[in-house]
Each structure stands twice: as structure tokens, then as C-alpha cells.
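Written out below as C-alpha cells is the structure these notes cover.
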Amino acid sequence: MERSNLTVTKFILLGFTTDPVMQLVLFVVFLGVYSVTLLGNNILIKLICNDARLHTPMYFFIGNLSFLDLWYSSVYTPKILVICISEDKSISFAGCVAQSFFSAGLGSSECYLLAAMAYDRYVAIANPLLYAQAMPRRLCVCLVVFSYTGGFLSAIILTSNTFTLDFCSDNFIDDFFCDIPPLVKLACDVRDSYQCVLYFLLAINVIAPTLLILASYLFIIAVILRIHSTQGRLKAFSTCSSHLVSVTLYYGSILYIYSRPSSSYSLVGDKMVSIFYTVLFPMLNP
């Protein structure tokens, strides 16, 4: 890390385009998306807090997901807005470390939280009469705490390993934030041990929650198939359909970005996919 600090003191975020007109258009688009994200998630949180009928485990998790999305979007979008309208595209080394840390921590936490929500949906459909007893407040709080703890412990491991790489003199990041793939592209030499760390974190933060979600939905499908009424089946499935869509979109984009070897990173394609799960996804959740 000492060598990295001596070689690179700041990074230049290239963003999306150098065309001033397109930059202004992108600024308006991202400002609109960010405004809707803030409004939608804040309204959800306020409704859940103020309406006693929504003080259930399902809405407890939805409220925490909205809070996480507010934080998650705010890690990226303000900096995107700045680089769209400012001639200064730089971000300090410390700022890049902080952005990567919170990006990894919040992203991993969301993976765990979505897995907890899948389990909650299974309990609600399998045992509707015992739902409140099977998902007590203490268990819900523990699942949320575990989600954040696991996510930020992983972020510490990933960030410390990434920023101990030896970066070469080139400090141009072909992206709109300090993401892992473009940072790895700047490294003089990527050790095999670093790639092993990435695969380990991918396994515990993405693959393991994915397997838990798949298992939950297999049990959900089994329960739904035992319901004789078509209307009952549709009602049961409707309680988890939106969560299933969110899981598919979020996990699909994450796996696309981080499951490949560093040698096969495509920065142009990855940039477009990154926009989806960092900026658009927090707006779509509400």
C-alpha cells in the first residue's frame, strides 16, 4: 500500500463520454433517477414506520432494503453528477478507497438481505397462521445485523487486498466509480492469490445467498403446488414475485461483473451493467 500511495495519489474517472451535450443529458437523467430513488425509498420507510398495519416481518425487511438502497445509491450518484458537469474528473486515493469499501460492503449486505427476505417469504407462505411466531422481531433484527456485519467484513477483506496491489503510473479509471475490475486493470501485476480472494468472497457473498434463495423458492413452489385453488396459488405467488424479480436482476448483474477472471474484464460492457445495479436498481426496488 505504501508503494501504491507513492505512485498514485489520485485517480481520474473517465465516466461515459467527453461530449459536453451528452454529459449534460446524462446529468439530467441521473439527477432524475436519483431524485426518484430518494423519494421512493423515503416514502416507503415513512409509510412502514407510521402505519401499524405494516409492522410485520415482511415490511421490516422491505424498510431495511429501502434504507440500504438509499445509502447504496448515494455512494455513486453524487460523484456521477459531479463528473458529468465538472471539468475535474479526479477522485483522491483515499476517496477511491472509501467508495470501493462502501460499494463492496453495501452490495454484499444487500445480497444477504435478499436471502433473508426469501426465507421470510417461505415462512409466510408455508406457515401463514404461525408467521408471527416463526419470525419474531428478535430473529428479524438478527438477520439484518448479520447482513450488514457479513457485508462489511467482506468489504474490509476486498478493499485491503485491492489497494495493496501495485498500481502503475496510469491512473485513468474507465468507469464512473472506483470499481474492482477497472482498478485491477491498473495493477502492474495481479497475483493468483488475489484472484482466489475474489472467488472466495464471490462464493460467500453471492453464491451462498443465491443457493439459500433457490432453496427457499423450491420449498415455496412445493407449498404452492399443494394449494388446490388457482386463486390461492396466484395469491401465494404474488407475495414473492416482486422479490424474485429483484433477486434475478441484482444477482444476475453481480455475477456477470465479478464471476469472470480479471483477464476477461470488458470495461465498456461492465460499465453499462454496473449502471444498472448501482443506480437503476435502487430506484426500481420501491
For [Y], is there any backbone N or O sitting under 3.5 Å from a side-chain donor or acceptor partner on [X]?
{"X": "Ser100", "Y": "Asp179", "answer": "no"}
{"X": "Asp175", "Y": "Pro182", "answer": "no"}
{"X": "Gln99", "Y": "Cys178", "answer": "yes"}

Considering all heavy atoms of both residues, which atom of [X] and which atom of [Y] are nearest to each other, and what is their separation?
{"X": "Asn205", "Y": "Ser108", "value": "ND2-OG, 3.4 Å"}
{"X": "Asn41", "Y": "Asp69", "value": "OD1-CB, 3.9 Å"}
{"X": "Pro282", "Y": "Tyr72", "value": "CG-CD2, 4.2 Å"}
{"X": "Ala115", "Y": "Ile213", "value": "CA-CG1, 3.6 Å"}
{"X": "Leu129", "Y": "Gln133", "value": "O-OE1, 3.9 Å"}
{"X": "Lys10", "Y": "Ser90", "value": "CD-CB, 4.0 Å"}

### Query
Tell me the salt bridge (Lys or Arg N to Asp or Glu O under 4.0 Å) pairs involving residues 74-99, sequence neighbours left out?
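Output for this query is empty, none listed.
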At what distance, to the nearest 0.5 angstrom, does [atom1] of [X] lie from [atom2] of [Y]?
{"X": "Glu110", "Y": "Ser246", "atom1": "CD", "atom2": "OG", "answer": "8.5 Å"}
{"X": "Phe172", "Y": "Leu13", "atom1": "CZ", "atom2": "CG", "answer": "11.0 Å"}
{"X": "Ser216", "Y": "Leu211", "atom1": "OG", "atom2": "CG", "answer": "10.5 Å"}
{"X": "Leu153", "Y": "Tyr148", "atom1": "CG", "atom2": "OH", "answer": "14.5 Å"}
{"X": "Ile173", "Y": "Asn171", "atom1": "CD1", "atom2": "CG", "answer": "8.0 Å"}
{"X": "Phe152", "Y": "Ile157", "atom1": "CZ", "atom2": "CD1", "answer": "14.0 Å"}

Evaluate the side-chain proximity of [Y] to [X]: yes if any heavy-atom separation is below 4.5 Å, no if none is.
{"X": "Val123", "Y": "Leu130", "answer": "no"}
{"X": "Ile275", "Y": "Phe176", "answer": "yes"}
{"X": "Ile180", "Y": "Leu158", "answer": "yes"}
{"X": "Ile224", "Y": "Ile220", "answer": "yes"}
{"X": "Leu31", "Y": "Leu81", "answer": "yes"}
{"X": "Met135", "Y": "Leu143", "answer": "yes"}
{"X": "Val144", "Y": "Phe60", "answer": "yes"}
{"X": "Ile204", "Y": "Leu201", "answer": "yes"}

Say whether [X] and [Y] are linked into one hydrophobic cluster, either directly or through other cluster members, by side-chain heavy-atom distances under 4.5 angstrom.
{"X": "Ile227", "Y": "Leu234", "answer": "no"}
{"X": "Leu218", "Y": "Leu212", "answer": "no"}
{"X": "Val245", "Y": "Leu113", "answer": "yes"}
{"X": "Leu24", "Y": "Phe30", "answer": "no"}
{"X": "Trp71", "Y": "Ile156", "answer": "yes"}

### Among Thr162, Thr164, Asn161, the one residue meeting side chain to side chain donor-acceptor pair (under 3.5 Å) with Tyr194
Thr162
### Query
Do Asp120 and Tyr131 meet the criterion of a side-chain donor-acceptor pair at a distance under 3.5 Å?
yes
### Query
For residues Tyr34 and Ser73, is any side-chain donor paired with an opposing acceptor at under 3.5 Å?
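Judged by distance alone, the side chains do not pair up.
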### Task
Could you walk me through whether Phe177 and Thr278 pass side chain to side chain contact (heavy atoms under 4.5 Å, CB included), step by step?
CA-CA 10 Å; Phe177 74 105; Thr278 57; 4.2 Å; yes
#### Entry: Geometric class of the Phe163/Phe11 ring pair [parallel <30°, tilted 30-60°, perpendicular >60°]
perpendicular
### Task
Among Ile45, Leu44, Asn42, find the residue that satisfies the side-chain contact (heavy atoms from CB on, under 4.5 Å) test when tested with Phe67.
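Testing Phe67 for a side-chain contact (heavy atoms from CB on, under 4.5 Å) against Ile45, Leu44, Asn42 leaves exactly one candidate, Ile45.
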#### Entry: Qualifying residues under ring-ring contact (aromatic ring centres under 6.0 Å, His included), relative to Phe219, sequence neighbours excluded
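Once residues adjacent in sequence are excluded, the partners of Phe219 under the ring-ring contact (aromatic ring centres under 6.0 Å, His included) criterion are Tyr122.
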### Message
Counting only heavy atoms from other residues, nucleotides and ligands, does the tally under 6.0 Å from OH of Tyr59 exceed 12?
### Response
no
### Query
Hey, is OH on Tyr119 packed in by over 12 heavy atoms from elsewhere, all under 6.0 Å?
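Counting other residues, nucleotides and ligands, OH of Tyr119 stays at 12 neighbours or fewer.
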### Query
Hey, mind stepping through Cys49 and Leu54 against side chain to side chain contact (heavy atoms under 4.5 Å, CB included) and telling me if it holds?
CA-CA 8 Å; Cys49 290; Leu54 302 182; over 6 Å; no
### Task
Determine, step by step, whether Asn285 and Ile62 satisfy the side chain to side chain contact (heavy atoms under 4.5 Å, CB included) criterion, reporting the C-alpha distance in whole Å, the side-chain angles of both residues, the deciding distance to 0.1 Å, and the verdict.
CA-CA 9 Å; Asn285 266 343; Ile62 290 176; over 6 Å; no
### Verdict with supporting geometry, Met58 and Ile48, side chain to side chain contact (heavy atoms under 4.5 Å, CB included)
CA-CA 10 Å; Met58 181 180 75; Ile48 292 169; over 6 Å; no
